[in-house]
Structure formats: C-alpha cells, structure tokens
Amino acid sequence: MEFETLPGFRDFLPDACSARNSIFDHWRLAAESFNFQEYDAPVLEPLELFIEKSGEEIVGQLFNFTDRGDRSVALRPEMTPTLARLVGARANSLKRPVKWFTIGEHYRYERPQKGRLRAFYQFNADILGESGPGADAELIALLAHTLRSFGLAADDFVIRLSDRNLWWSILAAEDLETEKAIEVLGIIDKMDRMGRERLLEKLADAVGSRAGEVCARIDAVREIRDFAALESMIRSLPLEGASAEALHARVEDWRCLMELLSHLGVGDSVRIDLSIVRGLAYYTGFVFEAFEASGAGRALAGGGRYDDLVQKLGGPAMPAVGFAMGDVTLADLLQEKSIDLEPPAKADFVCVIGGVEEQCFALQDVACLRHLGYRVEYPLKSQNFGKQLKAAVQSGASFALIYGSEEREQGVVRVRDLRTATELVLPREKLASAVSGIIADGIESLTSGD
RNA sequence: GUGGUAGUAGCUCAGUUGGUUAGAGCACCGGAUUGUGAUUCCGGGGGUCGGGGGUUCGAGUCCCCUCUAUCACCCCA
C-alpha cells in the first residue's frame with residue numbers, strides 16, 4: 001500500500017522546510033521591526049464565521065465537516081474573520097492602535113495551479129482602531145519593507161494602490177445607485193480579463209443605455225497613475241453639497257497617504273492604479289495589491305481597509321486595515337529572481353572517534369559543547385578514521401574533533417578545520433573556553449597565540 | 001466544476017513497427033580501508049513502467065476509464 005500527499009498539500013523535507021522557515025523568519029523580522037505583535041489562533045473555526053463574512057457560496061471552497069459534537073466546522077481559508085472575532089471580543093480593553101501579525105497555514109478546497117495550492121502559509125498584518133491614512137501608510141510600508149527584506153529590488157515589484165471609497169463617489173457622480181454601483185465595481189474588478197465587447201455588454205446589463213458614457217469615465221479613471229491626475233479628476237466630478245465635501249476630504253486623505261509613503265521610503269514601490277478593486281465587498285477604503293513588476297502572475301499580497309467587518313461579525317464598530325501575503329507566489333518569484341533562501345544548518349563540530357576507549361571522552365565533550373549551544377554531531381556506530389573524516393567533510397560541518405588513542409593518552413583533542421585542513425591540538429579542559437574563539441575566528445588565531 | 005499536456009528507480013531520463021528476465025547517470029548502502037578528506041575500484045538494495053480494464057499469441061509501447069502533476073478557464077477571501 002502506498003500513500004500519496006493529498007492534492008495541493010506539500011511535504012517539507014529538510015531543504016524545503018528550511019526555505020519555508022526562512023520565509024517565516026523574514027516575515028517575522030519585518031513585522032517586529034514595525035513593532036507589530038504576534039498572535040495565533042485555531043486553524044479550525046465554526047463554519048458560520050466564514051459564511052457570515054463571505055456568504056454561503058464560500059462553503060464550496062472550504063475544507064469543512066461536522067464534528068462529533070454535531071458542530072459545523074471548517075479549516076480557515078483566511079485569517080481576517082478570526083482576527084475580527086478575536087479583536088471584536090476584546091475591543092474595549094485593547095490599547096489602540098492594535099498592530100498585530102500572524103503566520104499560519106490556511107486551507108482552500110480549490111483546484112491547485114501556479115501560485116495556488118490547497119494548503120499554504122500566509123503572513124497577515126493588521127492595524128485596528130485607527131481610521132486615518134496613517135494606518136494605511138504604515139501597512140503599505142510594512143508590505144514594501146517585507147518584500148525588500150528578501151532582497152527584492154524596488155523595481156522588482158510594485159504595489160498598486162486604489163480606493164473603493166473613491167470609486168463609490170465616482171459612480172455616484174454617474175448617478176448610479178448603490179446596487180448598480182456594486183455591480184459595476186464587480187465588472188471593473190474583472191475588466192482586465194474581459195474582452196471589450198463583453199465588457200460593454202456587461203455594462204449595458206447594469207446601467208442600460210449609458211454604458212458607453214460610464215465606460216469612458218471608468219477607462220479615464222483607470223489610466224490615472226499619479227496624484228496630480230487623480231486630484232484633477234476628482235475636482236472635475238459633478239458633485240455638490242455633502243458628497244462634494246466628503247470628496248474634498250478624500251483628496252486630503254490621498255495627499256496625506258502619498259506623503260507618508262514617500263517619507264517612509266517606499267514611495268517608489270507604490271503606484272496609483274484604480275483598476276484594482278478587489279473582489280469581495282467588505283473593503284471600504286484604500287485597497288492595494290503587490291505584483292511582480294511586470295504585472296505577470298498572481299498577486300504577491302493584497303489588502304485594504306475593512307472598517308465595517310468587526311461590527312458585522314458581532315463586535316463593536318472598529319476601523320481596520322490589513323494585508324495578507326502568501327508563501328507560494330512569493331517563493332515562485334524569489335526563485336525566478338535567483339534569490340536563495342536559507343539552506344538547512346550544518347553542524348559546528350563533528351567527532352571522529354577511534355574506538356570505545358575514546359568514545360567516553362568524546363561524548364563528555366559532545367555533551368559539554370551542546371550545553372554551550374553548539375551544533376555537535378558524532379558517529380552513532382564505530383567506523384574507521386578515513387570513513388568518519390570523509391563523512392564529516394561531506395556533512396558540511398565546520399570542524400572535526402578527533403579523539404584517537406594518542407589524543408586519549410595525552411589528554412588532548414585534535415581540532416581540524418575541515419575547510420582549510422589545518423589542525424590544532426588542544427588540552428581537553430581548554431576546549432570549552434576556546435570554542436567560541438574557534439567558531440568566530442577559526443583555529444589559526446589560536447595556533448599563533450597559544 | 002471545464003479543457004490542454006504529461007506520468008518508467010529517490011532525482012534526470014533512455015527504452016526500436018507491440019516481441020525473451022525493463023536500462024543508464026546521479027543519489028543511497030556495503031566493501032577495498034581501525035589514524036586523516038570530495039578521487040579510484042568492487043559489490044548491493046531498490047520498479048506490480050501511476051492504478052484499473054480492454055485489444056493481442058504477446059502491452060512500458062495501442063484503446064478506454066481513473067488518479068496525480070502541470071497549464072489555462074471558473075473563482076480568487
């Protein structure tokens with residue numbers, strides 16, 4: 001009988017596991033440098049939590065089942081509902097702003113393809129309790145900083161920045177009611193993947209004879225790439241009264257956000273691009289997606305503001321903004337760019353042991369060095385010197401500790417630098433005190449000074 | 001959920017118009033070799049040729065189904 005890994009799931013053998021952990025390390029380091037705090041939560045949640053957030057249709061894309069207590073449960077497909085539940089339940093006792101991040105596995109029952117598996121890891125970072133553009137700026141900066149920390153250049157990727165709030169105003173200026181506007185936003189989200197003819201058909205379904213007009217407006221807006229063009233477009237919108245004032249305030253939000261991003265040193269990585277809308281309807285303000293510079297492939301990360309979600313899931317009103325970055329697309333990109341991740345660590349010391357008489361001394365030193373925190377290996381069975389040494393070299397270890405009959409008689413250990421093939425004889429009792437110098441500077445420093 | 005392509009050893013692959021007991025390189029294990037290195041030599045384990053059915057005297061090879069991978073569509077939180 002032979003078992004295979006389930007479709008869309010991965011085994012992580014040491015090389016792959018090390019690369020994966022290296023991604024986690026970069027994520028964690030980046031988040032911590034922005035002073036985000038790490039949290040974690042169960043991978044299994046009530047099914048209802050995800051339905052409440054995303055609608056009944058989501059069930060078809062989940063790993064879900066009924067547990068022995070007759071509860072409908074599902075493996076989490078994303079972190080945001082869980083976070084909203086967590087923060088919502090404690091909203092009144094948490095110091096704001098809440099800046100939290102998490103790294104965890106997520107599960108979606110979908111057909112695997114390039115950049116998309118059924119089990120994948122996501123880095124989620126969110127700021128809750130702050131409604132101003134300062135929070136959006138902080139998150140976008142973290143996103144850019146994270147990608148750069150892998151060694152990606154500023155022009156290897158781009159963060160496309162858009163604004164659902166602004167789209168509402170633009171569509172309102174076209175006299176579209178809420179329902180129609182939602183429909184049109186859905187169309188805008190899919191425009192890139194849609195032929196021109198089909199686009200006009202869809203628009204005609206939504207707004208009737210005004211399709212051509214609306215389409216022209218949308219096209220103009222989607223072409224905007226800088227703040228000046230954005231501002232002049234906004235000022236040209238035929239709105240009056242309260243909605244005009246709101247729009248004016250929105251221009252200031254944009255101005256503020258762009259300035260903050262520039263001061264934070266990530267302005268080069270951000271491009272205004274209102275063709276980003278992002279599928280599901282819970283985003284409320286600025287939204288953004290990171291892509292490889294050419295725009296090819298799946299989004300590296302995506303996020304935006306979701307000011308209503310915490311309340312929708314039963315908590316108090318709580319503004320929020322966040323993003324998620326997956327490991328699969330990221331790893332693909334790093335490989336394309338020939339950026340290597342951390343390989344498995346090698347031993348600091350490997351023992352070469354002559355025989356049973358020497359073994360007891362060797363193992364005492366092994367235990368001592370391990371207590372000091374070094375990676376130490378020794379052969380689990382007796383073998384001749386040549387074989388042991390050969391194995392030691394092939395293992396990639398830095399130093400061999402040689403324990404033979406001569407060394408035992410003299411109470412010494414022979415330290416061999418496996419890279420330079422130089423050796424140093426050291427009284428055993430000095431090993432512990434010499435070891436940090438050996439690791440840091442090699443044995444040459446001791447040979448000359450001792 | 002729909003469609004294209006592919007599947008032979010752990011990995012990369014060869015395998016003739018269908019013809020005897022399916023091969024190579026790399027990797028792995030053992031030995032030459034119980035006091036010093038990636039070389040060399042010798043030996044070894046490994047495969048129901050993804051799985052099932054069919055055609056045939058005979059199938060790794062041809063046909064059908066299925067599984068898996070991959071790419072695209074749908075979807076993309």
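All values derive from a computational prediction rather than experimental measurement. Per chain, numbering begins at 1; letters A, B, ... match sequence-line order.
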Pair A:Arg419, A:Ser398: side-chain N/O donor-acceptor within cut-off below 3.5 Å
yes
Just the rounded figure in Å: distance from P of B:rG35 to CD of A:Glu423.
15 Å
Any donor-acceptor pair under 3.5 Å linking the side-chain atoms of A:Ser269 with those of A:Arg148?
yes
Using the C1' atoms only, state how far B:rU16 lies from B:rG10, rounded to an integer number of Å.
29 Å
Under a 4.0 Å heavy-atom cut-off, which of residues 374-390 of chain A touch RNA chain B?
A:Lys381, A:Asn384, A:Phe385, A:Lys387, A:Leu389, A:Lys390
Taking the C1' atom of each, how far is B:rG46 from B:rG30, in whole Å?
14 Å
Interatomic distance at P, B:rG31 relative to B:rG51, whole Å:
35 Å
C1' atoms of B:rC71 and B:rG53, separation to the nearest Å:
29 Å
What distance, rounded to whole Å, do you find between the two C1' atoms, one in B:rU48 and one in B:rG60?
12 Å
Check if the side chain of A:Arg108 and the base of B:rA77 share a donor-acceptor pair of N or O atoms closer than 3.5 Å.
yes
Result for 5'-nearest mapping on RNA chain B, choosing between A:Leu6 and A:Leu62, is A:Leu6
Side chains of A:Gln113 and A:Arg298: any donor to acceptor distance under 3.5 Å?
yes
Under 4.0 Å between any heavy atoms, over every strand shown, what does A:Gly8 touch: base, sugar-phosphate, or nothing? Just pick one.
sugar-phosphate
Taking CG from A:Asp332 and C1' from B:rU70, how many angstroms apart are they, rounded to a whole number?
12 Å
Should the pair A:Arg20 and A:Phe12 be classed as cation-pi, given the thresholds of under 6.0 Å to the six-membered ring centre and 45° from the axis?
yes
Test item: A:Arg108 side-chain N/O and A:Pro77 main-chain N/O as donor-acceptor pair under 3.5 Å:
yes
Given B:rG37, B:rC75, B:rG35, which nucleotide is nearest the side-chain atoms of A:Gln61?
B:rC75
Could you give the distance separating B:rC57 and B:rC11 at their C1' atoms, to the nearest angstrom?
38 Å
Whether the A:Tyr403 and A:Arg408 side chains hold a donor-acceptor pair (N or O, under 3.5 Å, no angle test) is what I'd like checked.
no
Taking the side chain of A:Val393 as heavy atoms from C-beta outward, which of B:rA77, B:rG35, B:rA38 is closest to it?
B:rA38
Is there a donor on the side chain of A:Arg111 or the base of B:rC74 sitting less than 3.5 Å from an acceptor on the other?
no
Rounded to whole angstroms, how far apart are CZ on A:Arg298 and P on B:rU70?
13 Å
Hey, is the main chain of A:Leu274 close enough, under 3.5 Å, to the side chain of A:Trp167 for a donor-acceptor pair?
yes
Length of the NZ-C1' vector between A:Lys312 and B:rA77, whole Å
12 Å
Touch class at under 4.0 angstrom, heavy-atom based, for A:Glu406 against every strand present:
base
Base, sugar-phosphate alone, or nothing: which one does A:Glu358 contact when heavy atoms must sit under 4.0 Å apart?
nothing
With heavy atoms under 4.0 Å as the rule, sort A:Pro77 into base, sugar-phosphate or nothing.
base
By nearest nucleotide on RNA chain B, pick out whichever of A:Arg116 and A:Thr5 is the more 5' one.
A:Thr5
Separation of A:Phe123 atom CZ from B:rA77 atom C1', in whole Å?
18 Å
Sticking with atom P, work out how far B:rC49 lies from B:rC62, rounded to a whole angstrom.
16 Å
Cation-pi, A:Phe286 ring and A:Arg250 (6.0 angstrom, 45 degrees)
yes
Hey, are A:Thr5 and A:Asp11 close enough side-chain-wise for a donor-acceptor pair under 3.5 Å?
yes
Nearest whole Å is fine: how far is B:rC73 C1' from A:Lys190 NZ?
13 Å
May I ask you to check whether A:Asp126 and A:Tyr306 show a side-chain donor-acceptor distance below 3.5 Å?
yes
Of the candidate nucleotides B:rG35, B:rA38, B:rU70, which contains the atom at the shortest distance from the side chain of A:Gln394?
B:rA38
Could you write out RNA chain B as a dot-bracket string, with dots for unpaired bases, | for bases paired across to another strand, and Watson-Crick or G-U pairs counted at under 3.5 Å?
(((((((..((((.....[...)))).(((((.......))))).....(((((..]....))))))))))))....
Qualifying residues under ring pair (Phe, Tyr, Trp, His ring centres under 6.0 Å), relative to A:Tyr39, sequence neighbours excluded:
A:Trp100
What's the closest nucleotide to the A:Arg414 side chain, out of B:rG35, B:rC71, B:rG37?
B:rG35
Find out whether the Lys NZ or Arg CZ of A:Arg118 is both under 6.0 angstrom from the six-membered ring centre of A:Tyr109 and within 45° of the ring's axis.
yes
With a 4.0 Å limit, can you tell me whether A:Arg278 has a side-chain N or O closer than that to the phosphate oxygens OP1/OP2 of B:rA77?
yes
With a non-hydrogen cut-off below 4.0 angstrom, is A:Ala324 in contact with a base, only sugar-phosphate, or nothing?
nothing
Quickly work out the A:Leu83 CG to B:rA77 C1' distance and round it to whole Å.
14 Å
Tell me what A:Asn124 touches on the nucleic acid: a base, only sugar-phosphate, or nothing, going by heavy atoms under 4.0 Å.
nothing
Rounded distance (Å) that lies between atom P of B:rC76 and atom OH of A:Tyr282:
12 Å
Gap in Å between the two P atoms, one belonging to B:rG18 and one to B:rA59, rounded:
13 Å
